[in-house]
Amino acid sequence: MLAGEPGASLNVSATDLLAEPVAVAAVIAGALDRSGSSLRAHWRLQEAFSRSGVSSELFNSLAAPNPLTRAAAARLCAALRLTEAVDWIADLVRDPNPRVRDAAVRGLGQLGGRRAVEILVHGDDRIPLYRQAIALSRAAADLDIEALMRQPRSERAAIVTVLACGLRRDTLRVAPLLGIAHDRRWPTRVRLASCIALGAIGDPSAAGGLANLAGTATEPAVRQAAERAVRRLKHAPQAAIQ
């Protein structure tokens with residue numbers, strides 16, 4: 001069934017799937033992400049879940065009283081690319097249970113799309129910064145990243161965006177990241193994040209600009225971040241073109 005064969009039927013219940021959400025989500029995501037998997041195969045897989053009623057049960061489980069069930073449902077809805085669940089999963093980003101919040105953020109990263117990106121960027125401070133950046137790096141398209149770098153809605157959004165560039169190893173953002181790192185009009189934390197991102201991207205073309213920053217920055221934290229990024233670049237393989 002996971003290969004997307006026509007007429008395939010589902011012989012497990014939503015309860016069975018919710019009992020092993022991590023393993024099941026990994027299998028579903030692997031099938032959908034497999035190289036050569038067509039849109040038609042994706043549709044057949046989703047149709048099998050829908051026809052059996054399992055998709056509806058998973059969707060409804062996003063509002064279950066048990067937080068473990070809510071977290072499991074978020075993982076599975078995201079793995080199945082149930083885009084109609086995005087706004088429901090968005091509500092779980094503010095869930096009182098940290099496990100549910102984590103599953104929701106991961107799910108939004110997996111679902112991707114403009115709405116998921118918007119929710120992640122507007123995420124509250126209870127989401128760990130690194131988790132928010134990882135999810136954004138997966139959810140955002142190049143145009144989303146470009147727009148977010150041009151006009152971030154807050155200091156935290158700017159930090160998350162530049163860290164996402166590093167996680168994506170986005171060589172197209174080397175020049176703007178260097179600009180941010182050097183520009184004192186940006187908050188210090190954003191400039192630090194830019195240095196971290198440049199080190200993570202690993203593009204040797206950033207070495208000169210970072211070395212210059214390490215020698216001229218007046219803020220000790222920025223200078224040290226630039227120095228660490230230079231050291232990382234010296235030991236990093238050349239980044240792949242994105």
Residue Arg189 excluded, over 12 heavy atoms near CZ under 6.0 Å: no
Same apolar cluster (I L V M F W Y, side chains within < 4.5 Å links), Val162/Leu213: no
Beyond-backbone contact of Arg75 with Gln110, side-chain heavy atoms, under 4.5 angstrom: no
Validation row: Arg70, Asp95 side chains within 4.5 angstrom (heavy atoms): yes
Nearest non-hydrogen partners of Leu233 and Leu198, listed with the distance: CD2-O, 3.9 Å
Nearest-0.5 Å distance that lies between atom OG1 in Thr171 and atom CG in Leu177: 11.0 Å
Whether over 12 other heavy atoms sit under 6.0 Å from Glu84 CD: yes
By side chain to side chain donor-acceptor pair (under 3.5 Å) - contacts of Arg153 (at least two apart): His122
Same cluster (ILVMFWY, side-chain, under 4.5 Å), Trp88 and Val105: yes
Interatomic distance, Leu76 atom CG to Leu82 atom CG [nearest 0.5 angstrom]: 9.5 Å
Pairwise distance OG(Ser55) to CG(Leu17) - rounded to 0.5 angstrom: 9.5 Å
Main-chain N/O of Ala206 paired to Asp203 side chain as donor or acceptor, under 3.5 Å: no
Under 3.5 Å donor-acceptor, Asp102 side chain and Pro98 backbone: no
Minimal non-hydrogen separation, Cys195 against Val222, with atom names: SG-O, 4.4 Å
Heavy-atom closest contact (Pro128 atom, Arg156 atom, distance): C-NH2, 4.0 Å
Over all atoms of both residues, closest heavy-atom pair of Pro176 and Leu172: CD-O, 4.0 Å
Side chain Ser154, main chain Ala157, donor-acceptor under 3.5 Å: yes
Short side-chain to backbone donor-acceptor contact, His182 and Asn212, under 3.5 Å: no
side-chain contact (heavy atoms from CB on, under 4.5 Å) partners for Leu111, two or more places apart: Ala78, Val86, Ile89
Contact check, side chains of Arg184 and Thr218, non-hydrogen atoms, under 4.5 Å: yes
Steps toward side-chain contact (heavy atoms from CB on, under 4.5 Å) verdict (Asp144, Arg114): CA-CA 7 Å; Asp144 297 321; Arg114 185 60 56 85; 2.7 Å; yes
Arg173 vs Met149 side-chain heavy atoms within contact, under 4.5 Å: yes
Flag if over 12 foreign heavy atoms under 6.0 Å of CD, Glu155: yes
Verify same cluster id: Leu163, Ile134 (apolar side-chain graph, 4.5 Å): no
Flag, side chain of Arg228 to backbone of Gly199, donor-acceptor distance under 3.5 Å: no
Note, Thr161 side chain near Pro152 side chain (heavy atom, < 4.5 Å): no
Residue pair Val117 / Leu136, side-chain heavy-atom distance below 4.5 Å: yes
Main-chain N/O of Ala79 paired with Arg81 side-chain donor or acceptor, under 3.5 Å: yes
Validation row: Leu18, Glu57 side chains within 4.5 angstrom (heavy atoms): no
Spacing of CD1 belonging to Ile119 relative to CD1 belonging to Ile127, to within rounding of 0.5 Å: 10.0 Å
Common cluster, Ile180/Ile159, ILVMFWY with side-chain heavy-atom separation under 4.5 Å: yes
Which atom of Gly166 lies closest to which atom of Ile201, heavy atoms considered: CA-CG1, 3.8 Å
Asp87 CG to Leu62 CG distance, which is reported to the nearest 0.5 Å: 11.5 Å
Same apolar cluster (I L V M F W Y, side chains within < 4.5 Å links), Leu108/Leu167: no
Working for salt bridge (Lys or Arg N to Asp or Glu O under 4.0 Å), residues Glu219 and Arg223: CA-CA 6 Å; Glu219 305 94 327; Arg223 187 168 60 249; over 6 Å; no
From CZ (Arg131) to CG (Leu129), nearest 0.5 Å: 12.0 Å
Minimum-distance pair of heavy atoms, taken over all atoms of Arg169 and Ala200: NE-O, 3.6 Å
Close side-chain approach of Phe49 to Ser56, heavy-atom, < 4.5 Å: no
Atom CZ of Arg138 with >12 non-hydrogen neighbours under 6.0 angstrom: no
